[in-house]
Amino acid sequence: MNQYDYIILGSGIAGLYTALLARGQGSVLILTKAGINDCNTRHAQGGIAAAIGIGDSAELHYQDTIAAGAGLCDIDAVRILVDEAPDRIADLINFGVHFDTVDGEVALTREAAHSVPRILHAGGDATGEHIEVTLSRMARLANIVILEYCLATEIIVDDDVVQGVRALDSRTGAMEEFRSRSVILATGGGGRLFKFTTNPDIATGDGVALAYDAGAEITDMEFFQFHPTALRLPGVTPFLISEAVRGEGGILRNAEGRQFMFDYTPDGDLAPRDIVARGILTEMKKTGSDRVFLDVTHLPPRRVTARFPHIYRFCLVNGLDITKSFIPVAPAAHYTMGGVRTNAWGETNIAGLFAAGETACTGVHGANRLASNSLLEVVVFAKRIMQRTTEGRRPPDAGEGEHFSLSEGKALGSIPALSLSAFESLMWDKVGIVRSGEGLAEAAAILASWQKTIEKPSDRPSYELANLVLVGRLMAEAALIREESRGAHFRSDFPEPSPDWLRHIVFKKAD
Ligand SMILES: Cc1cc2nc3c(=O)[nH]c(=O)nc-3n(C[C@H](O)[C@H](O)[C@H](O)COP(=O)(O)OP(=O)(O)OC[C@H]3O[C@@H](n4cnc5c(N)ncnc54)[C@H](O)[C@@H]3O)c2cc1C
C-alpha cells in the first residue's frame, strides 16, 4: 500500500530527525534520491550552535543572529531558535549523538560573528557525520520505510491541499505515486547551482523547484552564502576548511604571505562570511592569484591535528601537511538562505505541505546565516512541525513580503547551449559573490530561455538540471529586483543597504 501518515523527502538531519519524531505518530515513509547518507549534513564540520556555556545566554545568541541577518531576520523565529536550542541539543544527545567534551563538560568553540564560544562539535570537525550516522542507524532500526535512490519529481496538490508525491525509482526507471496528508520537504540546499561549491552532488535545490511547481511561496532566494575558505588545490573538490579553523587562531594571508583581513574590517579574520569572502576576492584580484592562504603553522601541531582531524587527514591525503604549510583556499558556494517559505510551525501556504532544513526559509537567517545556526534551525523547526501535525490541520498563516512573478527576461542575440557546466559557470560568473544589474539581467534572460526549451526530464540528471535552471532563475531574478546590498547579497551597482529594501521578495507560480 502506498498510503502513509507521513511522507518525508530527504534523509539528511532534517529528514531523519523528523522521521524519528514522526514514527510514534503513525506510518512513515522516507524517500531519498541517493544513498541514505548522501547529503549536506554528513559534510558539516564546525558544529551546532546553542547558548549553553557559562557567560552565554539566549539573548546574546539572539543578538548575534539578528546582527548577521542584516535587518531581515524574522525576530519571532529567531527567539524560538535560541530559546528552544538547549532542549533540542538534549534530544540529539538522547538520540545518541556524542558531542565532544573537555573535563566532563561539553566542549564549546567560537566561530565567526558569535560573541562567545557556543558551538558544540563531535569527532573534532566531523559533527555532521556523527549526527548523520547516528540518526540514520536509528531510522534503519525504527519502524520507518526508507526508499533509497527514489527521486521525488512532483508534489501532488488538490485545491491547495497536499495529497502525496510522485517519485522516480532511479534504479528501475519506474514512476510511482505515494499518498499522504502530511508531506515534509527535507531536500536540502542548492550549492550545485554554482561552479565552485562545498556541497555534494545531491544539493540541486529540488525542494524549491518541487514546491514552486506545486504553488508554494518561495522567498529570500537572492540570499546565498558563499563560504570564504574552501580548499583550492588543482584537481581536488573544494573541500570546506571550517570557520572554526579561524576561530582557533588561523590567519588568512594573501598570495604574498601578508595578513589582510584587518585592511577590510576591525573584526579581521573573524568577520561575517560575506565580508571575508569579498575581502578574499579583492585580494585575489590585487595579487593576480586564484587563491589566498590560511595559516595554522603557528599553532601547536597537536592542537591542529586533535581539533581538526578530518581537515588534517583530507589535506594530508592530497599532499599537504597543514601543520607545516599554508592551506590554499578560495570562496565557494555553501548555504542556501532562501527557500520554501514557512511559518514558525514549518507550514507552507499549501495545507499539509511542510518544509524543514536548508530547503525551508523559516526567516531565522535573514540576509545572512550565522555559522552553525543551520543544524540548529533544522532540529528546532522539525520538532515544531511534528507538534503541529499532531494538532490537526489548520489554514497556514499569511506571511509578509512583496509578491513577484518570474519575468520573460530581456531579448538576447544568441543563447549558449544548455549543459550542467554552462549553467554552473553562468551562475558563478553572473549570480555569484559580486553581482551587477547588467550581469543579472543577462543571466535571467539566458535562464528563462533555457527553461522554455529544456527537454522533458526522464532520469535523475535531467530532473536535477531542470530543477537547477528553475531555482537559478528564481535566484537571479530576486537578485535583480533587490537594488541594494545587504548581508550575503552584494550588488556592485548598489553597494549600500537601502531602508526601502527592508522587505522580502516572494515568488509564487501564477495559477
Ligand atoms: C561542507 C559543509 C559544512 C557545513 N558545516 C556546517 C556546520 O558546521 N554547522 C551548521 O550548522 N551547518 C553546516 N553546514 C550546513 C548544514 O550541513 C546543512 O544546512 C544541513 O545539514 C542541511 O540539512 P538538510 O537535512 O536540510 O539537507 P541535507 O543534509 O542536504 O539532506 C537533503 C536530503 O534530501 C535528499 N533529496 C534532495 N532532493 C531530493 C528529491 N528530489 N527526492 C528525494 N530526496 C531528495 C538528498 O539526497 C538528501 O538525503 C555545512 C554544509 C556543508 C556543505
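Just follow the structure's listing: the first ligand is 1, and inside any ligand the first atom is 1.
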Check: Got a sec, which pairs hit salt bridge (Lys or Arg N to Asp or Glu O under 4.0 Å) with one end in residues 376-387, sequence neighbours left out?
Finding: Glu84-Arg384

Check: Can you tell me which residue and heavy atom of the protein come closest to atom 16 (C) of ligand 1, and the distance to 0.1 Å?
Finding: Ser374 OG, 3.9 Å

Notebook entry, point to check: What atoms in ligand 1 come closer than 4.0 Å to a heavy atom of Leu151?
Noted result: 41 (N), 42 (N)

Margin query: Looking at Asp56 and Arg118, is any side-chain nitrogen of the basic one under 4.0 Å from a carboxylate oxygen of the acidic one?
Written below: yes

Next item on the list: Would you check if the distance from the ring center of His227 to the ring center of Tyr335 is below 6.0 Å?
Entry: no

Item checked: Per-atom contacts of ligand 1 with Ala152, taking only distances under 4.0 Å to non-hydrogen atoms -> 40 (C), 41 (N), 42 (N), 43 (C)

Note to self: With a cutoff of 4.0 Å, is Arg369 in contact with ligand 1, counting heavy atoms of the residue only?
What the structure shows: yes

Notebook entry, point to check: How close do Ser11 and Glu132 get, heavy atom to heavy atom, and via which atoms?
Noted result: O-OE2, 2.7 Å

Margin query: Can you give me the closest heavy-atom contact between Leu185 and Ala211, atom names plus distance?
Written below: CD1-CB, 3.9 Å

Notebook entry, point to check: Which of the atoms of ligand 1 are close to Asn199, meaning less than 4.0 Å from one of its heavy atoms?
Noted result: 53 (C)

Next item on the list: Answer yes or no: is there an ion pair linking Arg79 with Asp76, defined by an N-O contact shorter than 4.0 Å?
Entry: no

Next item on the list: Can you sort out which atoms of ligand 1 are near Gly188, meaning under 4.0 Å from one of its heavy atoms?
Entry: 26 (O), 27 (O), 30 (O), 32 (C)

Check: Which heavy atom of the protein is the closest neighbour of atom 23 (O) of ligand 1, given with residue, atom name and distance?
Finding: Thr41 OG1, 3.2 Å

Check: Numbering the atoms of ligand 1 from 1, which are under 4.0 Å from a heavy atom of Thr32?
Finding: 35 (C), 43 (C), 44 (N), 47 (O), 49 (O)

Next item on the list: Just jot down the ligand 1 atoms closer than 4.0 angstrom to any heavy atom of Gly46, in number order.
Entry: 8 (O)

Next item on the list: Mark up the atoms of ligand 1 that fall under 4.0 Å of a heavy atom belonging to His43, in ascending order.
Entry: 1 (C), 2 (C), 3 (C)

Check: If we only count N/O pairs under 3.5 Å, is His334 in contact with ligand 1?
Finding: no

Margin query: For Glu464, is there an ion pair with Arg192 - N to carboxylate O distance below 4.0 angstrom?
Written below: no

Item checked: Contact check: Gly189 vs ligand 1, nitrogen or oxygen atoms, below 3.5 angstrom -> no

Next item on the list: Any salt bridge (Lys or Arg N to Asp or Glu O under 4.0 Å) involving residues 139-151? Give me the pairs, sequence neighbours left out, ordered by first then second residue.
Entry: Arg140-Glu148

Next item on the list: Check ligand 1 against Leu375 and write out every atom of the ligand that is under 4.0 Å from a heavy-atom position of the residue.
Entry: 9 (N), 10 (C), 11 (O), 12 (N), 21 (O)

Item checked: Sub-6.0 Å ring centroid separation between Phe224 and Phe226 -> yes

Next item on the list: Under 4.0 Å, heavy atoms only, figure out whether ligand 1 is touched by the backbone of Tyr463, its side chain, both or neither.
Entry: neither

Notebook entry, point to check: Is Thr127 near ligand 1, meaning one of its heavy atoms is under 4.0 Å from it?
Noted result: no

Note to self: Tell me the protein heavy atom at minimum distance from atom 35 (C) of ligand 1, and give that distance in Å.
What the structure shows: Gly10 CA, 3.6 Å

